[in-house]
Number of protein chains: 2
Amino acid sequence: MGIDRRVARTRTALYDALVALIRRKDYATITVEDILAEANVGRSTFYAHFTSKDDLLQRSLERLRDLLIEVQQGSGHGADATGWDPARTLFEHVSEYADVQAALAGGHGGAVLREAVDKVLADVLRQAMGTGLVGGLPRELVIQHVVATFNTTLHWWFEHRPEMAPAEVDALFRQLLLRGLPAGAAAPFIVMADPA
Amino acid sequence: MGIDRRVARTRTALYDALVALIRRKDYATITVEDILAEANVGRSTFYAHFTSKDDLLQRSLERLRDLLIEVQQGSGHGADATGWDPARTLFEHVSEYADVQAALAGGHGGAVLREAVDKVLADVLRQAMGTGLVGGLPRELVIQHVVATFNTTLHWWFEHRPEMAPAEVDALFRQLLLRGLPAGAAAPFIVMADPA
DNA sequence: GCAATTTCCGAACACTGTGTTCGGTATCGT
DNA sequence: ACGATACCGAACACAGTGTTCGGAAATTGC
């Protein structure tokens, strides 16, 4: 009693259509009708599977989650002693898809997209961390911070230095995450020594 | 030849209405008609001043920007050797408004709101940093990272430890920002051995 | 105060998009 | 082949957007 081929076909068609649209339009401006046209799926059929555009997005991202887990678990079977860097792999992977980065950077729809992706990243990371120590810091805060820093770096990369190599970006990412800001970098916000 | 009082009244009424609504509804579900009802303003009048709900939001946040600049420059007290801590002041200030935090945390509308607030925070910070040093790190990346870390911390606070004191939260914030994660905390995401 | 100007109101309108319903048709699993 | 299931697509009610326009009301400058 496997899954009916028709439902599988319909769903993947909708997933693919959404992704295709995201790559060329701002997420916020995409309508259900756009998706139907792109996927060649009937209106009632759509609502038989998903409750809304956002619902479709979330379920679409489950694929991303699986992909991330795969990438991340490829480490255990690889060179685990020398260390494996999922973040760098992600930077490298993402660097090949400028349109995806543009979608994540985009104005109104970008925020919604980013939040959804953040959630997936956090889930994967949370699972990967297991019940490991967090060095005295609250576990969930660490997770959110890692995700946020990754996203910030990625966004900055695309917006300000798109020509930079993934390895360099990764180095910046690690600096921010593991060492923090140099003493004087955050002066005005942290400790004000402002000549007012 | 000042600004017509009717204009001023209408605009502040709309600003206030939006803020009031944000405090009790998810931003995404707020309609222009809600705003009109709350502010007692005619439909055509609204569109004579703003092009959309998002436009109104952005202009409303200009007030927030002014407030932040005031807070940041009002460092008359406590400006000793240890300096003045705008972040801590912000944590303390925000802790008094649970509904605002809820609005920023909220699902769909939260993301849009956060992005708008992030933009304002980044502007203020950018101006405050002037042409100061950034310790070898790209200036804009530092700004975005500070803002993102602040927001992450704030969000985590509200979601997971609302009873925590502002000073403690500020300490966590500074730890993340200035020292980074302790070795091992981010083990699954970051490589252990540091090739830098 | 008074007049000229500006703004506000509110109803009407066209438009876009959402989400549901239902009978007929095509496709699937066995 | 047959029964079950999924898909189609048109029609519908509904909510929200953004514009237009004439008349009423408030404001400013004098």
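Quick note on labels: first sequence line is chain A, next is B, and so on, each numbered from 1.
With hydrogens and angles ignored, the 3.5 Å screen pairs a side-chain donor or acceptor of A:K53 with a backbone N or O of A:Y27. The backbone N or O of B:T31 lies less than 3.5 Å from a partner atom in the side chain of B:D34, making a donor-acceptor pair. Side-chain N or O atoms of A:D55 include one that pairs as donor or acceptor with a backbone N or O of A:T51 at under 3.5 Å. Listed for the A:Q175 side chain is a donor-acceptor partner under 3.5 Å among the backbone atoms of A:G180.
Distance, A:L36 CG to C:dT16 P: 17 Å, rounded to whole Å. What separates CZ of A:F46 from P of C:dT21 is a distance of 16 Å, to the nearest Å. Per the geometry, CG belonging to B:D4 stands 18 Å off P belonging to C:dA4, to the nearest Å. A:L14 has its CG atom 14 Å from the C1' atom of D:dC8, to the nearest Å. The nearest whole Å value for the distance from the CZ atom in B:F50 to the C1' atom in C:dC8 is 14 Å. One can place CZ of B:R9 at 11 Å from P of D:dT28, the figure rounded to the nearest angstrom. Rounded to whole angstrom, the span from the CD1 atom of A:I35 across to the P atom of C:dG19 amounts to 11 Å. Straight-line distance from the CZ atom of B:R6 to the P atom of D:dA24: 16 Å, rounded to whole Å.
Residue A:S44 has its side chain nearest to C:dC22 when only C:dC22, D:dT27, D:dT20 are considered. Side-chain atoms of B:R43 lie closest to D:dG18 of the nucleotides D:dC7, D:dG18, D:dA11. Side-chain proximity of A:E33 to C:dC8, D:dC7, C:dT18: nearest is C:dT18.
OP1 or OP2 of C:dT18 has not a single side-chain nitrogen or oxygen of A:S52 nearer than 4.0 Å. Taking side-chain N and O atoms only, A:H49 has a distance below 4.0 Å to OP1 or OP2 of D:dC7. Of the side-chain N and O atoms in A:Y47, one or more sit less than 4.0 angstrom from OP1 or OP2 of C:dG19.
Between B:D123 and B:R126 there is a salt bridge, since at least one side-chain N of the basic residue sits less than 4.0 Å from a carboxylate O of the acidic one.
Nearer to the 5' terminus of DNA chain D, by closest-nucleotide assignment, is the contact made by A:V41 (compared with the other of B:I30 and A:V41).
Residue A:T31 places no side-chain atom within donor-acceptor reach of the base of C:dG17, judged by atom type and a 3.5 Å distance cut-off alone. Checked by distance alone, B:R5 brings no side-chain donor or acceptor within 3.5 Å of a matching partner on the base of D:dT27.
Taking the six-membered ring where tryptophan is involved, the planes of B:H160 and B:W156 are essentially parallel, since the angle between them stays under 30° and well short of 60°.
Taking the side chain as every heavy atom from C-beta outward, A:E140 and B:E159 never approach each other to under 4.5 Å.
Over its length, the helix from C:dG1-D:dC30 to C:dT30-D:dA1 turns its helix axis by 50°, as judged from the five terminal pairs at each end, rounded to 10°.
Residue A:D34 is classed as having no contact, given no heavy-atom separation below 4.0 Å to the nucleic acid.
A:R161 meets the salt bridge (Lys or Arg N to Asp or Glu O under 4.0 Å) test with no other residue; sequence neighbours excluded.
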